[in-house]
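If you're wondering where the values come from, they're calculated on a predicted model, not measured in any experiment. In what follows, chains carry the letters A, B, and so on, assigned in the order in which the sequence lines appear, proteins first and then strands, with residues in each chain numbered from 1. Values below: all heavy atoms of this structure, side chains included; hydrogens, waters and symmetry mates excluded.
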There are 2 protein chains.
Amino acid sequence: MDMKIAEDQGIDLGGRVKGLRGRAGFTIKEVAARSGISPSAISKIENNLLSPTYDNIIRLAQGLGVDISELFSSTRKQAPHGRRSLTRAGQGDYIRTRAYTLEMLCSDLTAKRMQPMKARLRAHEAREFGTLVAHAGEEVVLVLRGQVTLLTEFYAPVTLEEGDSVYFDSTMGHALLSAGSEDAEIFWVCAADQSLTFEEAPPDSP
Amino acid sequence: MDMKIAEDQGIDLGGRVKGLRGRAGFTIKEVAARSGISPSAISKIENNLLSPTYDNIIRLAQGLGVDISELFSSTRKQAPHGRRSLTRAGQGDYIRTRAYTLEMLCSDLTAKRMQPMKARLRAHEAREFGTLVAHAGEEVVLVLRGQVTLLTEFYAPVTLEEGDSVYFDSTMGHALLSAGSEDAEIFWVCAADQSLTFEEAPPDSP
DNA sequence: GCATCAAGTTTCCTAAAGGAACATATTGTT
DNA sequence: AACAATATGTTCCTTTAGGAAACTTGATGC
């Protein structure tokens with residue numbers, strides 16, 4: 001008696017493959033011919049008797065004529081429903097970098113889609129900053145106090161006044177400076193691709 | 001004499017994993033602990049000596065803290081690189097709903113990962129609001145002016161003062177009210193997963 | 001210098017992937 | 001009903017995935 005695999009993760013690749021194949025109107029043989037995988041292996045995959053390797057996952061997606069993401073939980077891991085985190089003014093976690101003093105907000109929540117911060121911009125000149133920073137994701141900035149200069153790789157510098165907001169792609173090099181004599185303060189939200197989803201991956205031990 | 005695999009498809013999973021791991025600052029052992037895969041297997045994967053199975057691909061992505069699509073080349077949702085949008089104070093697009101007056105910011109950019117808004121909360125009583133709203137995504141709120149009451153499905157109401165911020169999962173029913181006598185004003189960022197990267201999957205019909 | 005510890009690799013072995021051929025549904029045709 | 005037809009499942013077997021532990025390699029003490 002063979003044991004089923006992979007279903008214990010709640011993924012059910014087999015059902016997904018069977019569904020995609022059925023919707024496309026292919027037989028197992030056809031998918032086998034189109035993918036280069038043997039019919040027997042495809043049958044086993046559909047019955048969750050076999051966990052295909054990386055190479056065969058790529059071939060299988062080709063054979064089914066679907067995007068690879070269709071073979072993985074397209075319903076992205078649903079974040080925990082119903083979380084809430086409150087940070088009172090000034091009560092965040094402070095981090096001091098070369099150019100910024102950051103107050104990380106709601107940092108008790110992990111695996112967030114966004115990271116909100118307040119920042120004091122201590123740099124007033126571009127040279128204080130060094131090179132522009134670039135990383136995956138997108139950012140929103142609202143000026144809370146003072147004037148802010150936004151430097152970006154592909155645009156001329158622009159100065160923001162209190163209440164102004166800006167949205168930009170952070171894969172583009174960027175830096176924020178105080179434009180006035182005082183340090184400016186901003187509200188800053190970053191959306192990162194790869195939120196640090198620290199999740200245990202415990203095999204269910206019976 | 002071992003042969004390399006998978007590279008013949010031009011995918012180079014190993015290099016990709018190595019890059020992702022390096023960027024995240026993990027050691028092989030750390031990824032092993034986070035993923036539940038043995039260090040030796042991860043080493044082999046990085047050197048293209050082993051093609052991981054479906055289950056281990058999922059675990060590996062978890063261990064690296066990245067989305068599965070990061071491990072496949074084809075499925076790169078291309079975010080436009082280098083966009084920037086500026087909205088001066090008061091110059092957003094105004095939308096008036098039953099309980100809010102919203103100023104949509106940076107609305108000239110489409111396919112954003114986040115939607116920033118300013119909102120005036122015109123409702124002062126829960127009954128003015130009706131039922132709680134719930135939708136996919138996560139939200140950040142910063143109180144700019146006045147006092148705000150946040151009603152949520154699973155928590156007791158809480159009152160926020162100026163400068164306070166809150167993060168919550170918007171799949172949980174929620175509503176925002178002005179707690180003081182004046183209408184409160186907030187900065188509001190919503191992250192929705194609208195990343196509908198749907199691709200044609202045309203079977204070559206004979 | 002040697003000892004030590006950490007990061008990564010290799011070896012050895014077992015358990016699982018996956019192909020070829022066979023076995024069993026399932027469906028249509030007379 | 002029997003008989004083809006094809007579609008799917010199973011068995012047997014070889015190759016490969018992947019874990020445990022031994023082995024490099026490199027950096028840091030003493």
Side-chain angles (χ1 to χ4, degrees), chain A residues 1-9 11-64 68 71-72 201-206, chain B residues 1-9 11-64 68 71-72 203 206:
Chain A
M1 176 68 68
D2 297 306
M3 276 275 287
K4 292 197 174 182
I5 58 174
E7 268 191 332
D8 47 1
Q9 308 212 349
I11 302 282
D12 187 27
L13 173 66
R16 190 168 302 230
V17 170
K18 205 173 274 188
L20 289 167
R21 182 171 65 82
R23 221 170 302 154
F26 291 133
T27 68
I28 286 188
K29 261 188 201 160
E30 286 173 312
V31 174
R34 291 164 50 96
S35 64
I37 307 173
S38 70
S40 68
I42 293 174
S43 170
K44 288 170 196 166
I45 291 168
E46 289 194 350
N47 292 293
N48 287 319
L49 296 170
L50 178 154
S51 177
T53 57
Y54 184 79
D55 320 74
N56 274 353
I57 289 168
I58 293 172
R59 294 202 194 96
L60 183 59
Q62 286 180 349
L64 290 167
I68 288 173
L71 298 179
F72 292 88
D204 49 355
S205 40
Chain B
M1 167 145 342
D2 297 305
M3 275 275 285
K4 293 198 174 180
I5 56 174
E7 269 192 331
D8 48 1
Q9 309 212 349
I11 303 282
D12 188 27
L13 172 67
R16 189 167 302 231
V17 170
K18 205 173 275 188
L20 290 167
R21 181 170 65 81
R23 224 169 298 154
F26 290 134
T27 66
I28 285 189
K29 266 186 197 158
E30 286 173 313
V31 174
R34 290 165 53 96
S35 64
I37 307 173
S38 71
S40 67
I42 293 173
S43 171
K44 289 171 197 165
I45 290 168
E46 288 194 351
N47 292 295
N48 288 317
L49 295 170
L50 179 154
S51 178
T53 57
Y54 183 80
D55 320 75
N56 273 354
I57 289 169
I58 293 171
R59 294 202 194 96
L60 184 59
Q62 285 183 349
L64 290 168
I68 307 244
L71 298 178
F72 293 89

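Between the P atom of D:dG9 and the CG atom of A:L49 lies a distance of 9 Å, rounded to the nearest Å. The distance between atom CG of B:D55 and atom P of D:dT16, rounded to the nearest whole Å, is 20 Å. Residue B:N47 contributes atom CG, which lies 17 Å from atom P of C:dA7 at whole-angstrom precision. Whole-Å rounding puts the A:Y54 OH to D:dT16 P distance at 19 Å. Between the CG atom of B:L50 and the P atom of D:dA17 there is a distance of 5 Å, given to the nearest Å. The distance between atom CD1 of A:I42 and atom C1' of C:dG19, rounded to the nearest whole Å, is 12 Å.
At least one side-chain heavy atom of A:S35 sits less than 4.5 Å from a side-chain heavy atom of A:I42. The closest side-chain heavy-atom distance from B:K18 to B:N47 is below 4.5 Å. Residues A:Y54 and B:I45 form no side-chain contact, since every pair of their non-hydrogen atoms from C-beta on lies 4.5 Å or further apart.
Applying the 3.5 Å distance criterion, the base of C:dA6 shares no donor-acceptor pair with the side chain of B:T27. Contact of B:S40 with D:dG18 (side chain to base): no donor-acceptor pair of N or O atoms is detected under 3.5 Å. With hydrogens and angles ignored, no donor-acceptor pair closer than 3.5 Å exists between the side chain of B:K44 and the base of C:dG8. With hydrogens and angles ignored, no donor-acceptor pair closer than 3.5 Å exists between the side chain of B:T53 and the base of C:dA16.
When each of D:dG18, C:dG18, C:dT10 is scored by its nearest atom to the side-chain atoms of B:P52, the top-ranked nucleotide is D:dG18. Set against C:dG19, D:dT8, D:dG18, the side chain of A:I28 has D:dT8 as its closest nucleotide.
For A:N56, no side-chain nitrogen or oxygen approaches OP1 or OP2 of C:dA17 to under 4.0 Å.
For A:E46 (side chain) and A:S43 (main-chain N/O), no donor-acceptor pair under 3.5 Å exists by modelled atom type.
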